[in-house]
Asker: 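Provided herewith is a single structure, encoded as structure tokens, for subsequent inquiry.
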There are 2 protein chains.
Amino acid sequence: MRRPTLEAVAARAGVSRATASRVVNGQTTVAPHIRDAVLRAVDELGYLPNPAARSLVTQRTDSIALVVSEPGTRVFSEDPMFSTAIRSASMELDAVNKQVVLMLASSPTSHARVERYIAGGHVDGVMLISMHGADPLPSALSRLRVPVVSYGRPAVPVDIPYVDNDNVGGAEAGVRHLVASGRRRIATIAGPQDMIAGQDRLTGYRTVLRDSDRRSIVAVGDFTRESGAVAMRQLLRDDPGLDAVFVANDLMAVGALQSLRQAGRRVPDDVAVVGFDDIEAAKYTEPPLTTLRHPVAEQAAAMVRLLLGLSEGGPSAPVILPTELVVRESA
Amino acid sequence: MRRPTLEAVAARAGVSRATASRVVNGQTTVAPHIRDAVLRAVDELGYLPNPAARSLVTQRTDSIALVVSEPGTRVFSEDPMFSTAIRSASMELDAVNKQVVLMLASSPTSHARVERYIAGGHVDGVMLISMHGADPLPSALSRLRVPVVSYGRPAVPVDIPYVDNDNVGGAEAGVRHLVASGRRRIATIAGPQDMIAGQDRLTGYRTVLRDSDRRSIVAVGDFTRESGAVAMRQLLRDDPGLDAVFVANDLMAVGALQSLRQAGRRVPDDVAVVGFDDIEAAKYTEPPLTTLRHPVAEQAAAMVRLLLGLSEGGPSAPVILPTELVVRESA
DNA sequence: GATGGGTGAGAGAGCGCTCTCTCACGAGAG
DNA sequence: CTCTCGTGAGAGAGCGCTCTCTCACCCATC
């Protein structure tokens with residue numbers, strides 16, 4: 001006993017399959033009483049259109065791939081940015097009745113699989129969250145004839161519209177806050193330099209330090225708490241006299257705070273700390289973290305709109321969202 | 001200029017469409033030289049099977065829905081359990097070439113949408129992450145003729161195989177640890193009582209307290225940091241003399257630690273704290289958190305295997321995974 | 001009263017694939 | 001040398017839907 005087909009609905013309503021199809025798809029060129037008859041039949045039979053059959057002829061799938069490329073296990077699970085972005089994009093797509101196909105690509109094998117999948121026409125569009133510079137996916141996907149947008153500026157110059165936040169400007173604002181509060185020796189824990197966010201936030205730091213005649217003191221982390229803790233210990237060895245540190249994301253700032261505590265430095269009295277992202281956890285550190293807020297959910301939603309607009313020939317200019325300094329107790 | 005079809009491949013290789021199909025689908029009843037000719041044609045044309053056409057006849061979609069039901073915005077984004085589970089399930093499904101369709105259902109509207117989607121035959125199976133007791137989805141989905149498995153025991157008794165961790169046993173171990181270290185007045189911050197994890201962890205707490213002749217002191221949170229902070233303040237008001245608190249998850253424990261700090265209590269000297277989950281952040285609290293670890297990734301992977309087994313008539317007995325006490329400095 | 005245009009419904013051709021059924025052919029047995 | 005059987009390849013039906021094309025019918029117009 002299989003599922004009812006449109007044929008069955010048409011038969012029950014006493015109309016042709018074509019008319020039933022028109023009603024199901026909401027066309028208006030159907031007389032009201034016929035329309036009602038069809039809808040009643042749909043209801044009685046519990047009819048639901050077969051998506052495969054529909055896709056076959058319409059050449060649409062009504063689903064969108066959300067590709068998260070090269071997610072380090074820890075980072076993906078721990079950094080709430082991912083889940084926030086995924087959630088927001090998902091809700092935005094739900095609203096227009098598109099489904100989200102989630103693809104996590106970490107190995108060359110899985111990159112190839114993703115590429116084949118997209119090329120195979122399983123989805124109508126792709127949202128790419130790719131942070132890593134060496135990632136082959138942005139260029140690979142941009143060659144396909146599927147609309148692609150990116151969350152964050154792609155690391156390699158490639159013709160993909162994207163939505164990003166103002167990483168440089170945010171970093172500048174954070175470091176300027178430290179300068180303004182009289183800090184002299186301002187270090188930074190930078191993010192990975194093969195990621196745009198890592199690069200840009202370091203650029204912002206350097207710009208302000210240069211303009212205010214201070215020396216850069218740089219350690220590099222990989223956006224995990226652990227790397228933040230390690231980098232902070234190294235900075236304290238390199239320059240025991242530092243009195244502030246700008247950390248490229250909150251997760252690393254959490255690690256840095258722990259290292260400072262273990263080294264006996266008081267925050268903010270001895271060392272001021274500014275983070276980046278304003279994750280929820282930033283309110284619960286000891287002391288609460290001064291950081292730069294950027295609208296992750298809005299960025300993801302904007303990305304969805306960009307993608308949907310693209311399929312309708314809309315504009316494909318990058319969207320850059322602003323960043324806001326949130327002052328708490330750490331600086 | 002559309003994509004090459006199997007017809008084109010067959011023509012190029014000089015065989016029938018049926019033979020080309022056999023080769024593409026890896027059947028062995030094809031002579032080697034013909035097989036090679038077809039594969040060469042596939043390669044030259046860049047042929048990829050049309051998934052809609054294939055699904056239409058095979059009645060399979062090779063994709064699995066991952067339904068996260070009723071995720072409070074904050075909890076979903078902040079609790080790393082979700083991303084860990086999603087990641088693990090996704091990787092496990094990738095390995096068998098199944099795609100993950102992610103559906104977040106939070107409102108009655110979206111519940112209906114999910115149900116229609118599943119009933120519509122878009123997917124071959126469903127993995128349900130539903131924590132809320134009043135959630136209509138478990139029973140709704142179990143009525144469909146699609147295999148369904150659940151991450152965590154469903155709150156309402158319903159015939160869905162599931163994988164869960166030993167919440168009761170874990171809570172007992174945590175509280176026993178507090179008893180063994182000589183704590184007298186042991187409170188708890190319980191999780192929401194319409195969630196199984198909330199109920200079971202409270203049950204474990206109560207059992208041990210009863211067995212050791214202590215009085216229960218209970219506040220209830222909703223698994224967010226904020227609610228943990230609020231609950232802790234309330235407990236301190238209710239019983240200023242408490243010397244330990246068992247918190248039903250780490251996120252709430254983070255909030256509780258903050259409230260204890262603000263109230264001037266030292267941890268663990270004045271008040272010992274035990275959490276639950278062992279999220280990464282537990283290592284970075286001040287002081288680091290003693291907690292109960294359970295294997296989220298393994299639980300998700302086991303859920304995938306359960307689902308895949310189900311479609312092949314495998315067993316559908318619930319799987320319960322063990323929990324382990326991780327002693328750090330907070331208790 | 002004949003003609004023209006507009007509207008609503010049906011007929012039927014595919015979309016690209018899988019799979020059953022059929023058939024051709026060659027080898028081995030009698 | 002004929003018959004049987006097994007193996008490998010082709011023919012063709014159909015999966016369930018959309019959409020174009022066609023046509024019937026009604027009303028307004030001259």
Side-chain angles (χ1 to χ4, degrees), chain A residues 1-42 45-63 97 116-117 119-124, chain B residues 1-42 45-63 97 116-117 119-124:
Chain A
M1 132 119 201
R2 25 170 28 100
R3 292 174 33 194
T5 69
L6 193 56
E7 187 79 52
V9 171
R12 186 175 192 107
V15 299
S16 74
R17 203 172 59 245
T19 301
S21 174
R22 277 189 269 263
V23 172
V24 168
N25 290 290
Q27 288 188 26
T28 51
T29 63
V30 180
H33 71 278
I34 294 214
R35 191 185 139 77
D36 289 347
V38 172
L39 289 178
R40 202 175 322 118
V42 164
L45 295 173
Y47 170 77
L48 288 172
N50 179 317
R54 179 176 274 176
S55 292
L56 185 56
V57 40
T58 58
Q59 311 270 39
R60 283 182 297 99
T61 63
D62 289 330
S63 48
N97 254 295
R116 280 179 61 88
Y117 187 80
H122 285 81
V123 294
D124 299 339
Chain B
M1 128 121 201
R2 20 168 34 98
R3 290 174 35 193
T5 68
L6 193 57
E7 188 80 53
V9 171
R12 183 168 193 113
V15 300
S16 74
R17 205 174 56 244
T19 302
S21 173
R22 278 189 269 261
V23 172
V24 168
N25 290 292
Q27 289 189 25
T28 51
T29 65
V30 181
H33 71 281
I34 295 213
R35 189 185 142 78
D36 289 348
V38 172
L39 289 179
R40 204 177 319 121
V42 165
L45 295 174
Y47 170 77
L48 288 172
N50 179 317
R54 180 175 274 176
S55 292
L56 184 55
V57 40
T58 59
Q59 310 270 37
R60 284 182 297 100
T61 63
D62 289 330
S63 48
N97 255 295
R116 280 180 61 89
Y117 187 80
H122 285 81
V123 294
D124 299 339

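When reading the values below, keep in mind they use all heavy atoms of this one structure, side chains included, and skip hydrogens, waters and symmetry mates. What you are looking at is a predicted structure, and each value in this text was computed from that prediction instead of being measured. Residue numbers begin at 1 in each chain, while the letters A, B, ... track the order of the sequences.
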Asker: Is A:Ala31 touching bases, backbone alone, or none of the nucleic acid, heavy atoms closer than 4.0 Å?
Answerer: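 Sugar-phosphate, no base atom in range.
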Asker: Give the rounded distance in Å between these two atoms: CZ of B:Arg22 and C1' of C:dC17.
Answerer: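 Rounded to whole Å, this separation is 14 Å.
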Asker: Rounded to whole angstroms, how far apart are CG on A:Leu6 and P on D:dG16?
Answerer: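 So the CG-P distance, A:Leu6 to D:dG16, works out to 11 Å.
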Asker: With a 4.0 Å heavy-atom cut-off, tell me which residues in residues 45-59 of chain A come close to DNA chain C, sorted by residue number.
Answerer: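 Per residue number, the list reads A:Leu56, A:Val57.
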Asker: If we fit an axis to the first five pairs and another to the last five of the helix from C:dG1-D:dC30 to C:dG30-D:dC1, what angle do they make, to the nearest 10°?
Answerer: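 That helix has its two terminal axes inclined by roughly 50°.
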Asker: OH of B:Tyr47 to CG of B:Leu39: how many Å apart, nearest 0.5 Å?
Answerer: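 Here the interatomic distance stands at 12.0 Å.
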Asker: Just verifying a value: how many Å separate A:Arg116 CZ and B:Asn97 CG, rounded to the nearest 0.5 Å?
Answerer: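 Going from the CZ atom of A:Arg116 to the CG atom of B:Asn97 covers 8.5 Å.
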Asker: Rounded to the nearest 0.5 Å, what separation is found between the OH atom of A:Tyr117 and the CG atom of B:Leu48?
Answerer: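 With rounding to 0.5 Å, OH (A:Tyr117) is 12.5 Å from CG (B:Leu48).
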Asker: Does B:Thr19 put a side-chain nitrogen or oxygen below 4.0 Å from OP1 or OP2 of D:dA9?
Answerer: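 False: B:Thr19 side-chain N/O out of range (4.0 Å or more) of D:dA9 OP1/OP2.
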Asker: Please report the C-alpha distance between A:His122 and B:Asn50 in whole Å, then the side-chain angles of each, then the deciding distance to 0.1 Å, and finally whether the side chain to side chain contact (heavy atoms under 4.5 Å, CB included) criterion is met.
Answerer: CA-CA 8 Å; A:His122 285 81; B:Asn50 179 317; over 6 Å; no
Asker: Considering all heavy atoms of both residues, which atom of B:Thr29 and which atom of B:Arg22 are nearest to each other, and what is their separation?
Answerer: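 So the two residues come closest at OG1-CD, 3.8 Å.
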Asker: Specify the closest pair of heavy atoms between A:Val24 and A:Arg54, including all atoms of both residues, with the distance to one decimal.
Answerer: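 Where A:Val24 meets A:Arg54 most closely, the heavy atoms are CG1-NH2, 3.8 Å.
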Asker: Mind listing the side-chain donor-acceptor pairs of residues 4-17 of chain B below 3.5 Å, one per line with the distance, residues two or more places apart or on another chain?
Answerer:
unit_1, atom_1, unit_2, atom_2, d
B:Thr5, OG1, B:Glu7, N, 3.2
B:Thr5, OG1, B:Ala8, N, 3.4
B:Glu7, OE1, B:Arg17, NH1, 3.1
B:Arg12, NE, B:Glu44, OE1, 2.6
B:Arg12, NH2, B:Glu44, OE1, 3.1
B:Ser16, OG, B:Ala18, N, 3.4
B:Ser16, OG, B:Thr19, N, 3.2
B:Ser16, OG, B:Thr19, OG1, 3.2

Asker: Roughly how many Å is it from CD in A:Glu7 to P in D:dC15, rounded to a whole number?
Answerer: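 Roughly 10 Å, once rounded to whole Å.
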Asker: For B:Ala52, is there any backbone N or O sitting under 3.5 Å from a side-chain donor or acceptor partner on A:Ser55?
Answerer: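 No.
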Asker: Find the distance A:Gln27:CD to C:dG8:P and express it as a whole number of Å.
Answerer: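 About 12 Å, once rounded to whole Å.
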Asker: Just to confirm, is there a sub-4.0 Å distance from OP1 or OP2 of D:dG10 to any side-chain nitrogen or oxygen of B:Ser16?
Answerer: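 Yes.
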Asker: Report the residue (B:His33 or A:Arg17) whose heavy-atom-nearest nucleotide on DNA chain D is the more 5′ of the two.
Answerer: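 Looking at the nearest nucleotide for each, B:His33 comes out on the 5' side.
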Asker: Between atom OG1 of B:Thr61 and atom CG of B:Asp124, what is the distance when rounded to the nearest 0.5 Å?
Answerer: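 Reported to 0.5 Å precision, the distance equals 3.5 Å.
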Asker: Can you tell me the distance, in whole Å, between the CZ atom of A:Arg3 and the C1' atom of D:dG16?
Answerer: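 Distance check: A:Arg3 CZ to D:dG16 C1' gives 10 Å.
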Asker: How close or far is atom C1' of D:dT7 from atom CZ of B:Arg35, stated in whole angstroms?
Answerer: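 Checked: the CZ to C1' distance equals 17 Å.
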